[in-house]
Amino acid sequence: MLREFKVLKSHGRQYINDLRKQPVSEEFRGRPEISADITASEISLVSGLCPAGAIDANNGSIDMGKCLFCNECSFALRDKIWFTNDYRIAAGRRDELVIEPGNSGPLRLNEAYIRKEVRKMFNGALKLRQVSAGGDNSSEMELNASGNVNFDFGRYGIEFVASPRHADGIVITGPVSRNMAEPLNICYDAIPYPKIIILAGTDAISGGLFAGSPAIDRSFIDNHKIDLYIPGNPVHPLAFINGVMDLLGIK
Ligand code: SF4
């Protein structure tokens, strides 16, 4: 027994104490910032090289719902576009994911868009069913990591469950391939009200690189109210956990 205690002590503390303030590596690309003095020719340059069409050719804003966080725009214009370490990038409305030039403020979930029943019923215990709808397993792996010993989102009563009948909501990853359109509907129908919908990652939010492809079917996304958009390519566990904490009103 003493030996086991020694082994446990040698492991030290593994969990992240404060998930709101955990520093991440310099390489991490979170909320982008665009200099207010970016010129029309510079906007034209970066919007032309962006592989995802995430940069507005008229005003230079970056749509995090489309962005692949590839950093190509920043490589081209280091002093005009950069990605911060800020992982609190979730939003309750799609248009809030668009970052305008000169906007360096933090992104915070607008309380006005959160359904009252969500906080009333799920603060303290939220069970989620994850559906990979044509996903590439990257965001899925990060969501899986959200429950590991480091991130441990189970400390807030948040966890993934195997059956939609045991779930309070659905987390969708992937651009929603045509083959997954019907299973996604079936899964959603099996969840009791007031069910929530979370889109995790660029592919789920906009279709990503697959946007406009005949191989995807976005009708589910287009026809339902989305409670939470969490950008990332893939989504970082801290972005996911902080987004869900904001949705539930966890300080
Ligand atoms: S980081 Fe985003 S906005 Fe910049 S080039 Fe890549 S996809 Fe486009």
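For ligands, and for the atoms within them, numbers begin at 1 and follow the listed sequence. Owing to the predicted nature of the structure, the values given are computational and were not obtained by experimental measurement. Along the sequence shown, the residues carry numbers beginning at 1.
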Kindly indicate, with the supporting measurements, whether the criterion side chain to side chain donor-acceptor pair (under 3.5 Å) is fulfilled by N179 and S177. CA-CA 5 Å; N179 286 348; S177 57; 5.8 Å; no
Are F153 and F160, when compared by the centres of their aromatic rings, separated by less than 6.0 Å?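 Yes: the rings meet the under 6.0 Å criterion.
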Tell me, which protein residue and heavy-atom name are nearest [atom], and how many Å apart are they?
{"atom": "atom 2 (Fe) of ligand 1", "value": "C67 SG, 2.3 Å"}
{"atom": "atom 7 (S) of ligand 1", "value": "L68 N, 3.2 Å"}
{"atom": "atom 1 (S) of ligand 1", "value": "N71 N, 3.2 Å"}

Let me check your reading of the structure: within less than 2.8 Å of atom 6 (Fe) of ligand 1, is there an N/O/S atom from C73?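 No N, O or S atom of C73 is closer than 2.8 Å to atom 6 (Fe) of ligand 1, so no.
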Calculate, to the nearest 0.5 Å, the distance between atoms OG and CG belonging to S206 and L68 respectively.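 Separation between the atoms: 8.0 Å.
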Applying the 4.5 Å side-chain criterion to the ILVMFWY set and letting contacts propagate, would V98 and L228 be lumped into a single cluster?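 Different clusters.
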Give the atoms of ligand 1, by number and element, whose distance to some non-hydrogen atom of [X] is under 4.0 Å.
{"X": "I55", "result": "3 (S)"}
{"X": "F83", "result": "1 (S)"}
{"X": "C70", "result": "1 (S), 5 (S), 6 (Fe), 7 (S)"}

Does any N, O or S atom in C50 come within less than 2.8 Å of atom 8 (Fe) of ligand 1?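 Yes, within the cut-off.
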May I ask you to say whether D63 pairs ionically with R94, meaning some side-chain N is under 4.0 Å from a carboxylate O?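 Salt bridge present between D63 and R94.
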Polar side chain donor-acceptor pair, T173 to E140, under 3.5 angstrom: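 Note: T173 and E140 side chains meet the donor-acceptor criterion.
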